[in-house]
Colleague: 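Have a look at this one.
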Amino acid sequence: MEKIFEKLNESQSQAVKQSEGPVLILAGAGSGKTTTIVSRLAYLVEVLGIPASNTLTLTFTNKAAKEMRERALDMIKDISYPPLLCTFHKFGLLFLKFNIHLLNRQNNFVVIDTDDKKRIIKKINSEIPTPLIASEISRYKNSLLTPDDAYKQAELFNYQQIAKVYEEYEAYLRENNLVDFDDLIALTYKLLDENPKLAETTSQKYQYIMIDEYQDTNELQLKLLQKLCTSHNNLCVVGDDDQSIYGWRGAHIRNIIEFDQDFKGTSTFKLENNYRSKEPILKVANALIEHNRSRLGKKLIATRGAGEDVSIINSHDENEESRKIAQKIKKLLDSGVRANDIAILYRVNVLSRSIEEGLNRTGIAYKLVGGLRFYDRAEIKDLISYIRIITNFHDDFSFKRVVNKPKRGLGKASIEKIELAAHASSSSIYEYIKKTSLADLETLVRKKNASTLKTFIKDIEKVSKVATESTYNFIDVLEETFHLKNIYAGMQDEAERILNMDEFYGLFRDFVKKSPESGLDEFLNELTLQSEQDQVEGESIYMMSIHASKGLEFEHIFIIGLEEGFLPLIGDGSDLEEERRLGYVSFTRAKETLTLSHAGSRFYKGRRSDLQKSRFFNEAGLCEGSLKVEKNTAFKKGDLVRHKIFGTGRVTGISKSGREFKLNINFAGTKRDILASFVERL
DNA sequence: AACGGCATCTTTTTT
DNA sequence: AGATGCCGTT
């Protein structure tokens, strides 16, 4: 018991002890959020004696879930009934496995990813852009709209069309027993909503619920949580409204801001002690985020003391910027800083390009995080499609993807003919080839192709048989039968692709070792829900988007592209407050030093454009000269000054605070102490 | 069936 | 600019 509280500060301890009722923990950046969640779980189990299996902790990423699980299991003695700690989507998957029969569906469904979704849509529709339909369908599902609702609601003809595609898409998923990402949440909600008894028992099973990164939840996830709280209201959510940066993906910042209205009787705790960044970094981050209106209000308090001032790199263009940054990083490395302690962040991925050049010239190794993800690589998708067709012969998409990989002389024309014939007899392509005699096939496609197709499906059947008998040998037989490594033979990136394939084979073997009695479909579902594994530790600096940096920390942070139009990014549907939060998230990744860079012009989208310095410099109190003490001495008693929040006031006293001057200012009768850099003289 | 040329698009990204 | 996707040619 004592041990749990040893490492916690006062507010963390209080949050941990508040086990009953709705709890909102506002956890600022670097305030020990994970420690608090894990300790709370340990407190529930070890101190209150609640069976771990009666708790539910949900996260957004597998990485977060994994870290928490490891730390929680360390603190819990009896783990024979472990706590359920997983992503929202994994929870949905587990729940559907047990309950989807209530929707008259079989629980051997397959989860499809965004790419499959788009392929299905493309097959159905022709005119309207696929990405638009995909995102609209996602929106419908998250608003619990059926295709019928969507149709009735549509005012424009285009949207009626989209609703029709949605209807066909749903029919397709059902026919093929497929489930998309949104379904994992939406169907789970639907089941709980339509079956009050099920909601009751589920809620009773999970007596204590915790949600990580609550600011990233959407409307539907909130509704799901309300269902899970049918029989109690022991819901503890942890998050930071200032770090909500996924609004464009449907995250609803109101969920965290109005949590106490959704769940009555909420106890709120603020974790404001920051254990990550040096004081000057926090000062800048706090100043920036204060300009947001829709926020609960929270100020990070530095516990790591004074440090280097935030520095600014001012360049003429992106080439000069990349030179300067490379030089500065070189200096850091020469002084003994480890490369992995340095990261360069940007709002838009394309900005990495110019920096890469500078780093290459200077001979600095770097690692790009994000970019193309492992499971999105063509060679990996090929392997996955092979496994799919082997698990489900009727998966036409996978069939078509792999039928000519490696090249077997089966081109588009032949496949189209076969597909058409298959459709006419309402069977899948596979089924059609199987049931049609060789002679009949030869009337459709040329002789050679007909026999190739026959061999192909025989091979698939053969490997499928191996898969059911022994998953252990499966992957080797797969490679031996189809020679998948030949797919990219002769291409300049062949070696890299084969390396990736080998890594995938390794992952498969690991899976078989870990769960020998599981089938291929379980492997596939596991894969679909997986995001890219964390890159291996190496001796190189990191480069990534600000979004990708959330949750991470580095000793030295460089942020490039602090210009109007890049950060804040300005465009269709952009939200200045969310841009400011992005700035805040990026600043608070830094532990020791923070360097902000902007350029006067950039080459972008095929042309050079002039750029203005980001307004965030001013908002963060980094206006020209504000860091220089000399300028602040210009203040004298009696000066009239203006503050962003408090308005106009008169200086009544001047004192020194660290490296800066602190002014005592009389704002309409109320005297306040304010750092000189936060006001401007009138 | 395979290749090459033309048009189009271009924020962030997890599951 | 550069990547991607579609279409027409060989």
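None of the values given here were measured: they were computed from a predicted structure. Reminder, nothing fancy here: chain letters follow the sequence lines and each chain counts from 1. Heavy atoms only: backbone and side chains are in, while hydrogens, waters and symmetry mates are out.
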Colleague: I need the CZ-C1' distance between A/R607 and B/dT10, as an integer number of Å.
Modeller: 13 Å

Colleague: With heavy atoms under 4.0 Å as the rule, sort A/F181 into base, sugar-phosphate or nothing.
Modeller: base

Colleague: Between A/Y542 and A/F554, is the ring centroid distance below 6.0 Å?
Modeller: yes

Colleague: Above 12 or not: heavy atoms from other molecules or residues under 6.0 Å from CZ of A/R446?
Modeller: no

Colleague: Return the value, rounded to whole Å, for the distance between atom CD1 of A/I546 and atom P of B/dT11.
Modeller: 15 Å

Colleague: Side chains of A/E356 and A/Y366 only: does a donor on one sit below 3.5 Å from an acceptor on the other?
Modeller: yes

Colleague: With nearest nucleotides of DNA chain B determined for A/F88 and A/S574 from heavy-atom distances, which residue corresponds to the more 5′ nucleotide?
Modeller: A/S574

Colleague: Between A/E578 (CD) and B/dT11 (P), how many Å, whole number?
Modeller: 15 Å

Colleague: For A/Y604 and C/dA1, what is the distance between atoms OH and P respectively, to the nearest whole Å?
Modeller: 15 Å

Colleague: Does A/K118 make a side-chain N or O approach to OP1 or OP2 of C/dT4 shorter than 4.0 Å?
Modeller: no

Colleague: Taking only side-chain N and O atoms of A/N349, does any of them lie within less than 4.0 angstrom of OP1 or OP2 on B/dT11?
Modeller: no

Colleague: Counting the atoms with a prime plus P, OP1 and OP2 as sugar-phosphate, which does A/N404 contact under 4.0 Å by heavy atoms, base, sugar-phosphate, or nothing?
Modeller: sugar-phosphate

Colleague: Look at A/T114 and B/dT13 and indicate whether a side-chain polar atom (N or O) is within less than 4.0 Å of OP1 or OP2.
Modeller: no

Colleague: Provide, to the nearest angstrom, the distance between the CD1 atom belonging to A/I415 and the P atom belonging to B/dA2.
Modeller: 12 Å

Colleague: Is the distance between the ring centroids of A/F60 and A/H89 less than 6.0 Å?
Modeller: no

Colleague: Which of the following nucleotides, B/dT14, B/dT12, B/dT13, is nearest to the side chain of A/V348?
Modeller: B/dT12

Colleague: Applying a 4.0 Å non-hydrogen cut-off, can you work out what A/F603 is touching in the nucleic acid: base, sugar-phosphate, or nothing?
Modeller: sugar-phosphate

Colleague: Round to a whole Å and report the spacing from CD1 of A/I211 to P of B/dT14.
Modeller: 20 Å

Colleague: Starting at atom CH2 of A/W248, determine the distance to atom C1' of B/dT10, rounded to an integer number of angstrom.
Modeller: 15 Å

Colleague: Among A/R580, A/R581, A/Q215, A/R295, exactly one meets side-chain hydrogen bond (donor to acceptor under 3.5 Å, both in side chains) together with A/D242. Which residue is that?
Modeller: A/R295

Colleague: Expressed as a whole number of angstroms, how long is the span from A/R353:CZ to C/dA1:C1'?
Modeller: 8 Å

